[in-house]
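The structure under discussion appears below in the form of structure tokens.
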Amino acid sequence: MDKGNPRELWEYVLTQVELSISPANFNTWFRNSFIAKIGEDGVVSIGVPSQFFKDWYLKKFHTLLLKVFRDVSYEFRNIEYLIMKDEHRRVSKETRNVRGALELPLHEFYINKSDNLNPRYTFDTFVIGAFNNLAYAAAQAVLARPGITYNPLFIYGDTGRGKTHLIQAIGNQFKKQYTGRKVFYLTSEKFTVDYTDSVQAGTANRFKDKYRQYDLLIMDDIQFLSKKLKTEEELFHLFNALHDTNKQIIFSSDRAPAAIPDIAERLKGRLASGMTVDIGEPDPESRMAIVRKKAASQGVILSDEVIEYVAATMSGSIRELEGMVNSIICHAQVKGFAPNIAEVRQSLRSFTRPQRNISVKNVVDKVAEFYGIDEDSIYEKTRRREVVRPRQIIMYILREDFSISYPTIGTKLGGRDHTTVIHSCEKIKREVIVDNELAKEIQNIRTLLV
């Protein structure tokens, strides 16, 4: 690639952008854009068709594009966006055919109906840590000798631990390694619906033939077969047919086979007859790696302080952890730069606040305990700083986390006027943005309330 050639450079940039955003976004926002010029001052001018496109690029894609350009060369200092409708239509038509050989086909981004696999679930995007390395090793062993080693492979763990990602990554890798062999992914619920529909339509034999043709069958959330006796029986016979012909079978569940209730013992025995491995809670280092990789995949480079904070805030579900990162990425794309720790704390309040009803007294008790003061002093008409500050924090938490009205907070805390409560809440709200110690204290208090 000639970085001084606008056409070749833009072709490369588009291939990188295409890997980072959805197909719909790519087709909408990048079909009619191009590099208008590369300035000697290191500023790249990108032609866009309208003011609306220009504004959207600045808000949503500027950081990503700048990262891609700088990955090519640090000579590229900045990007500007120019509205160039007519010129762009001419250039776009010329370059579209050239890009054809480079760009990924749209079907690479969509779930393929022939196998139901999500192409974004790959081992390249899968973070390996102490919590899932055994499951990962088992997956690699299955890919090395499908149908022979660990058949079936049964992976279980709490929701949001990355089970679906892993089992679909196996499917996608299987397609690459064993071209011509068939793989199919589905949930147990979909299997149940397919079976019920086939019985009602009188096509049960066609249903049997369909599922027996696959060289790798992956079934997610097997626990939902509980109490579905006819479907269980059909899966039992399907299992035997596939296993007897060395076809690989993979299951996932939120619990081990023996712990799934109301499933026939003979099916439980089949499920546990190969390799059963659990995915536990991700350790701190793994959570940090997930945060870093997820953000970087969207062109956002976070500071170590931010990564550590996010990883410490969400300890269990990878899905919720990624939701937090998505929130940060959204803020970064709107502002054009990665947020600092204070901004992250503010933007993630909805993830960290207590999620259940709680009494005012309980909040008072926990805050008083945290600061080592007598809880009765919170209700007194005193202006001592060691009491005023905790009282203001109580007001702030009651308002922000539980949406209690200002008058009610005032009444509950010793009959104070609602304007006093408003002042206290606003004061803490301003200070928590700039005072890291205060933010940590409030976060620690919130963990006591969960």
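Just so you know, residue 1 is the first one in the sequence shown, and it goes up from there. Just so we're clear, the structure is a prediction, and the values are computed from it rather than from any experiment.
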Which class fits the ring pair Y178 and F174: parallel under 30°, tilted 30 to 60°, perpendicular over 60°? tilted
Can any side-chain N or O of E232 pair as donor or acceptor with the backbone N or O of A264 at less than 3.5 Å? yes
With a 4.5 Å limit on heavy-atom distance, are the side chains of R270 and H243 in contact? no
Can you say whether the rings of F251 and F239 are parallel (under 30°), tilted (30 to 60°) or perpendicular (over 60°)? parallel
Interatomic spacing from CG in N151 to CZ in R145 - rounded to 0.5 Å: 11.5 Å
Test log, rule side chain to side chain contact (heavy atoms under 4.5 Å, CB included), inputs I393 and L438: CA-CA 9 Å; I393 290 172; L438 175 61; 3.9 Å; yes
Is the ring pair F126/Y136 parallel, tilted or perpendicular, if the boundaries are 30 and 60 degrees? parallel
Could you check whether D115 pairs with K175 (Lys NZ or Arg NE/NH1/NH2 to Asp/Glu carboxylate O, under 4.0 Å)? yes
Please determine whether the number of non-hydrogen atoms from other residues, nucleotides or ligands lying under 6.0 Å from atom CD of E431 exceeds 12. yes
Step through the shown structure and confirm whether more than 12 heavy atoms of other residues, nucleotides or ligands are within 6.0 Å of NZ on K37. no
Got a donor-acceptor contact below 3.5 angstrom from the Q248 side chain to the Y150 backbone? yes
Donor-acceptor pair, S253 side chain versus A256 backbone, under 3.5 Å? no
Run the side chain to side chain donor-acceptor pair (under 3.5 Å) test on T164 and D220 for me, step by step, so that the C-alpha distance in whole Å, both residues' side-chain angles and the decisive distance to 0.1 Å come before the verdict. CA-CA 7 Å; T164 298; D220 211 345; 2.7 Å; yes
Evaluate the side-chain proximity of S188 to K228: yes if any heavy-atom separation is below 4.5 Å, no if none is. no
Has the side chain of S252 got a donor or acceptor atom that lies under 3.5 Å from a matching backbone atom of Y156? no
Over 60° means perpendicular and under 30° means parallel, so classify the ring planes of W29 and W56, tilted if in between. parallel
Evaluate the side-chain proximity of V48 to L82: yes if any heavy-atom separation is below 4.5 Å, no if none is. no
So do F61 and V17 actually touch side chain to side chain, heavy atoms under 4.5 Å? no
Within the structure provided, determine whether I263 and K227 are in side-chain contact (heavy-atom separation under 4.5 Å). no
Counting the benzene-type ring for Trp, do Y81 and F53 have ring centres under 6.0 Å apart? no
Is N172 reaching over with its side chain to a backbone N or O of Q168, donor-acceptor style, under 3.5 angstrom? yes
Under the side chain to side chain contact (heavy atoms under 4.5 Å, CB included) rule, what do F123 and Q173 come out as? Steps first, then yes or no, please. CA-CA 8 Å; F123 287 115; Q173 187 62 32; 3.8 Å; yes
Under 3.5 Å donor-acceptor, R287 side chain and P282 backbone: yes
Give a yes/no verdict on a cation-pi contact between R161 and F131, requiring under 6.0 Å between NZ or CZ and the six-membered ring centre and an angle within 45° of the axis. no
So I318 and V127, side chain to side chain contact (heavy atoms under 4.5 Å, CB included) or not? Walk me through it. CA-CA 10 Å; I318 295 175; V127 175; over 6 Å; no
Any Lys/Arg nitrogen of E234 or K208 sitting under 4.0 Å from an Asp/Glu carboxylate oxygen of the other? yes
Verdict with supporting geometry, K247 and L217, side chain to side chain contact (heavy atoms under 4.5 Å, CB included): CA-CA 8 Å; K247 304 291 184 68; L217 182 67; over 6 Å; no
Quick check: Y195 with F191 (ring centres under 6.0 Å apart)? no
Could you tell me if H165 and T125 have a donor-acceptor pair between their side chains, going purely by distance under 3.5 Å? yes
Can you label the angle between the F69 ring and the W10 ring as parallel, tilted or perpendicular, going by 30° and 60°? parallel
Does the D221 side chain pair with the main chain of T187, one donor and one acceptor, at a distance under 3.5 Å? no
For the residue pair V142 and T149, establish whether any side-chain heavy-atom pair is separated by less than 4.5 Å. no
Keeping the roles fixed (side chain from K163, backbone from G157), state whether a donor-acceptor pair exists under 3.5 Å. yes
Test item: K182 and L216 side chains (from C-beta on) under 4.5 Å apart, heavy atoms: no
State whether E75 and R70 are salt-bridged, where the test is any N-O pair (Lys NZ or Arg NE/NH1/NH2 against Asp/Glu carboxylate O) under 4.0 Å. no
Donor-acceptor pair, D283 side chain versus S286 backbone, under 3.5 Å? yes
Does K210 come within less than 4.0 Å of D194, counting only side-chain N to carboxylate O? yes
Is Q223 reaching over with its side chain to a backbone N or O of I260, donor-acceptor style, under 3.5 angstrom? no
